[in-house]
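Written out below as structure tokens is the structure these notes cover.
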Amino acid sequence: MSKSYQLHPVTDFKQFHAVLDEVYRGNKQYIYPLRTDIEGILSDKNKSFTGDNLRKWVVLADGKRPVGRIAAFIDETRNEELDIPVGGIGFFESIEDDEVAELLFSAAEQWLTDKGMKAVDGPINFGERDKFWGLLVRGWYRPLYQETYNPPYYQRMFEERGYRAHEQCLTMRGIVSEFPGDRLAGLAKRVRDRYGLYTKQIDKNNLVQSSHDFAQAYNSAFNHWPYFQPLSGEDILPTFQQMKPIMDPHLTCLAYDKDDQPIGLAGLIPDINCFMQGVNGKMDWKGLPRFLYRLKFQKKPRNCKGVAFGIVSEYQRMGVYPLMVDAMFQSGNRHTSRTYRYVDMATIRGHNEVMVKTCRKMNTDIHRVHLAYRKALTPDASWEAFEQMDVSGVEMGEYKSKG
């Protein structure tokens, strides 16, 4: 008996979240994203939301069972920097049925076309580029916190509908205890002695100042990159405050020049997905105690995730990166190597050759690959895709599907 599928606009998040139960049921590898994270992105809580630049849809089977979802959005501030108006789609999920996928893609693309967009990027985040970016195409392992995970058949669904690879996002993994600690210490000493540079860790008791310095270093480091949007200390402070309960100061570092100006930033966080099995994305009266107990008492596995690295351009050849990594590695009597097994450097762009090479010098290598696609919505849309690395040697991993 064939199923009847209907597309509906999302009026509340209950059905939107419920799609995950259909797609990932029986997959012990999967970790549900926090519902509060998703709802904060796809609502008026998001600073990129301006009132009429976001839509969400869900597909119901036989009028009741949620089997697919998608969000479409327009980042109006970022579009001011682009040659053509580009919309975005994200948080796509679908059972393995092309009728469901077609309903979702068609609705999102038509809405973006009606809004004057000439192309669409996806799957991407609505807002900052440090989370939920790209489609997983290599490296099926337990996902990191705020990292996209998806069934392998999604790649076919995108590419058969005219989406072409536009940008690589790499996750590079290393074993913390195998970092070249002695070599880093020697490099860091030379940098301090030669240039008068120094480092500080983020102070959980003075997050206002740390937010200001972080923003100053971030803006100076990334203002020449495509899609750059400046940040203020006031923009960053709420994120720092939200992260405070899980923040490990030993995993943070700000670099300063001899005139006390911020010139570099490095930030990692404990990968909370290590403790999220069975929470199902809900920090409610059942999920929160389970998460907090594991966070406090579970010794292994503990991994950490890199979320922000940047160096002001005129200092990039002075050894600031090893200076910051050494500061985090040595902090607290090498607390990091005693506490964390793996470090995962996420959302590193494949066209950022300098960063990829620098990470490899720290004994990390590509562990998983995400692709952000782009599709033309009008005949006159044209662009140049970013350069991409050869990742054919990266292991595929194994998708743990039903059964």
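Remark: the backbone N or O of Ala165 is not paired with any side-chain donor or acceptor of Tyr373 at under 3.5 angstrom. In this structure a side-chain-to-backbone donor-acceptor pair under 3.5 Å is present from Asn53 to Thr50. In this structure, Ser4 contributes its side chain and Asp62 its backbone to no donor-acceptor pair below 3.5 Å. Side-chain atoms of Asn125 do not come within 3.5 Å of backbone N or O of Arg129 as any donor-acceptor pair. Asn27 contributes a side-chain N or O that, together with a main-chain N or O of Lys400, makes up a donor-acceptor pair within less than 3.5 Å. A distance-only check finds a donor-acceptor pair linking the side chain of Asn219 to the backbone of Leu231 [under 3.5 Å]. Using modelled atom types, no side-chain atom of Glu93 and backbone atom of Val19 make a donor-acceptor pair closer than 3.5 Å. Under the 3.5 Å distance criterion, the side-chain polar atoms of Gln6 are matched with a main-chain donor or acceptor of Gly63. When atom types are taken as modelled, the side chain of Arg69 and the backbone of Phe91 share a donor-acceptor pair closer than 3.5 angstrom. In this structure, Arg302 contributes its side chain and Ile272 its backbone to no donor-acceptor pair below 3.5 Å.
Counting non-hydrogen atoms of neighbouring residues, nucleotides and ligands closer than 6.0 angstrom, the CD atom of Gln209 exceeds 12 such neighbours. Around CD of Glu384, the count of heavy atoms belonging to other residues, nucleotides or ligands within 6.0 Å does not exceed 12. At most 12 non-hydrogen atoms from other residues, nucleotides or ligands lie less than 6.0 angstrom from CZ of Arg317. The 12-atom threshold is exceeded at CD of Glu160, counting heavy atoms of other residues, nucleotides or ligands nearer than 6.0 Å. Enclosure of atom CZ in Arg156 by more than 12 non-hydrogen atoms of other residues, nucleotides or ligands within 6.0 angstrom is indicated.
Shortest non-hydrogen contact noted between Trp111 and Phe73 is CZ3-N, 3.9 Å. Here the closest non-hydrogen pair linking Ile41 and Phe126 is O-CD2, 3.5 Å. Of all the heavy atoms in Trp133 and Thr148, the pair that sits closest is N-OG1, 3.5 Å. Listed here is the closest heavy atom pair of Asp21 and Arg25: O-CB, 3.0 Å. Considering every non-hydrogen atom in both Pro180 and Lys361, the closest pair reads CG-O, 3.9 Å. In terms of heavy-atom proximity, Tyr30 sits nearest to Gln277 at O-NE2, 4.0 Å.
Checked against the 6.0 Å centroid criterion, the rings of Tyr195 and Tyr315 do not qualify as a close aromatic pair. Checked against the 6.0 Å centroid criterion, the rings of Tyr218 and Phe222 qualify as a close aromatic pair. In this structure, Tyr399 has its ring center under 6.0 Å from that of Tyr149. Tyr141 has its ring centre less than 6.0 Å from the ring centre of His367. No close placement of the Tyr340 and Tyr342 rings is indicated, their centers lying 6.0 Å or farther apart.
Ionic pairing of Asp271 and Arg142 is present here: one or more N-O contacts between side-chain nitrogen and carboxylate oxygen are shorter than 4.0 angstrom. With salt bridges taken as basic N to acidic carboxylate O contacts below 4.0 Å, none links Asp365 and Arg173. Salt-bridge annotation for Arg334 and Asp182: present, with a side-chain N of the basic residue lying under 4.0 Å from a carboxylate O of the acidic one. In this structure, Asp37 does not pair ionically with Lys131, as no charged nitrogen and carboxylate oxygen lie closer than 4.0 Å. Here Arg161 pairs with Glu102 in a salt bridge; the nearest charged N to carboxylate O distance falls below 4.0 Å. Salt-bridge check for Lys200 with Asp203: failed, with every basic side-chain N at 4.0 Å or more from each acidic carboxylate O. By the 4.0 Å N-to-carboxylate-O rule, Arg368 lies too far from Glu395 to be salt-bridged with it. A salt bridge does not link Lys45 with Glu39: every distance from a Lys NZ or Arg NE/NH1/NH2 to an Asp or Glu carboxylate oxygen is 4.0 Å or more.
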*Run the numbers on Asp248 and Leu251 for side-chain contact (heavy atoms from CB on, under 4.5 Å), then give the verdict.*
CA-CA 6 Å; Asp248 183 345; Leu251 295 176; 3.9 Å; yes
*Step by step, would you call Thr252 with Met328 a side-chain contact (heavy atoms from CB on, under 4.5 Å)?*
CA-CA 7 Å; Thr252 67; Met328 293 185 290; 5.6 Å; no
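Counted by atom type alone, Gln261 and Asp257 present zero donor-acceptor pairs between their side chains at under 3.5 Å.
Using a 4.5 Å cut-off on side-chain heavy atoms (C-beta onward), Met362 and Met172 make no contact.
The aromatic rings of His351 and Phe386 sit parallel to each other, their planes meeting at less than 30°, with 60° as the upper class boundary. The aromatic rings of Phe105 and Phe158 stand perpendicular to each other, their planes meeting at an angle above 60°, with 30° marking the opposite boundary.
Applying side chain to side chain contact (heavy atoms under 4.5 Å, CB included) to Asp213 and the options Ile236, Val208, Leu254 leaves one that passes, Leu254.
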